[in-house]
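For ligands, and for the atoms within them, numbers begin at 1 and follow the listed sequence.
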Amino acid sequence: FERGLLAGRHILINAGPTREAIDPVRYISNHSSGKMGFALAEAAAEAGARVTLVAGPVNLPTPARVQRVDVVSAQQMLDACLAALPADLFIASAAVADYRPDACAEQKLKKTPGSDDGMTLTLVRNPDILATLASHSERPGFCVGFAAETQDVLGYARDKLQRKNLDLIIANDVSQSGIGFNSDDNAVTLIDRDLTSTHLPQASKQKLARDLISRLATRLDRH
Ligand code: C5P
C-alpha cells in the first residue's frame, strides 16, 4: 500500500444511512453503519488523496486528514455531494433511503383518539445521488457504486453498473451473516465496465478498504 498513490487526487465518498423525517420526532432510515465508507475515506487519505466524506448520521470518528460534511436526509446528501465537485473519483457507499415521506408534519403526529385504525404514510422517491453525479456535467472521472443484495448479487450489480452509468460496481451479499451491513468484515466482488469480475474474500473492512483503494488507484491511472 503506497502512501503517494493518490497524491493530487480529490476523492469524494458518501457513507452511512440517510434519515427521512416523518414529523419532528420520527424518521425512516436503515441499519447502515457507515463503516465501509469511513474505512475507504481513511485508506484514501493514507494514500495521499484529498478526501471529502459526506456522512449520514453515524457513530464513527472522522479519519485523520479527511474533510467530513455531516448530513441527515438524501436531499441534503445530494446537495453536499454536488457542492464537493469536481472530484477525480466518487465512491457511493451510502445507503440512501429510496423513499421519503411526501411531507414532514410540522407537529408530532397523534394517534386518532378512540380509534384502533392503522395509518398510511405516503412516500415519494428520493433522488438517486450516484446516478445524478454519474450523469452530471461535472461528472467525477471515475464513479463507483455499491450493490448490497440478498439474491442474484452479480446479476443485479451488472444491471446497476449499466443503468447508473458507472465505471465500477462493488457487489456484496448482505444475506450472509458476518459481512456487509453493520459488520466489521466484508467480502465483495468488483465488476468493471467490461463486466470482468474480481472477488475479494472476507476480510476486515480496513484491510478491504486498502485493497480497494489501491485497485481504484490503478484504474484511475489507466483511465
Ligand atoms: O439501486 P441501489 O440502491 O441498490 O444502488 C445502490 C447504489 O446506488 C449505492 O452505491 C448507493 O449509494 C447508490 N444510491 C444513491 N442514491 C439513491 C439510491 C442508491 O446514490 N437514492
Item to complete: Determine whether any heavy atom of P127 lies closer than 4.0 Å to an atom of ligand 1.
Response: yes
Discussion item. Any nitrogen or oxygen of F146 lying under 3.5 Å from a nitrogen or oxygen in ligand 1? Just yes or no.
Written reply: yes
Worksheet entry | Heteroatom distance test (A131, ligand 1): nitrogen or oxygen, under 3.5 angstrom | no
Discussion item. Suppose we measure from atom 12 (O) of ligand 1 to each protein heavy atom; which comes out shortest, and what is that distance?
Written reply: A94 O, 2.7 Å
Discussion item. Within the structure, is a non-hydrogen atom of R125 found at a distance of less than 4.0 Å from ligand 1?
Written reply: no
Worksheet entry | Which residue and heavy atom of the protein sit nearest atom 20 (O) of ligand 1, plus the separation | L130 N, 2.8 Å
Discussion item. Within the 4.5 Å heavy-atom criterion, are F146 and M36 side-chain neighbours or not?
Written reply: yes
Discussion item. Looking at non-hydrogen atoms alone, which of S93, A148, A92, G37 comes nearest to atom 10 (O) of ligand 1?
Written reply: A92
Worksheet item: Does a sphere of radius 6.0 Å around CZ in R125 hold more than 12 heavy atoms from other residues, nucleotides or ligands, not counting ones at 6.0 Å or beyond?
Response: no
Discussion item. Any donor-acceptor pair under 3.5 Å linking the side-chain atoms of R68 with those of T62?
Written reply: yes
Response to the item:
protein heavy-atom neighbour closest to atom 17 (C) of ligand 1 works out as V96 CB, 3.5 Å
Discussion item. As a check for students: among E149, K164, R100, M77, identify the option with a heavy atom nearest to atom 3 (O) of ligand 1.
Written reply: K164
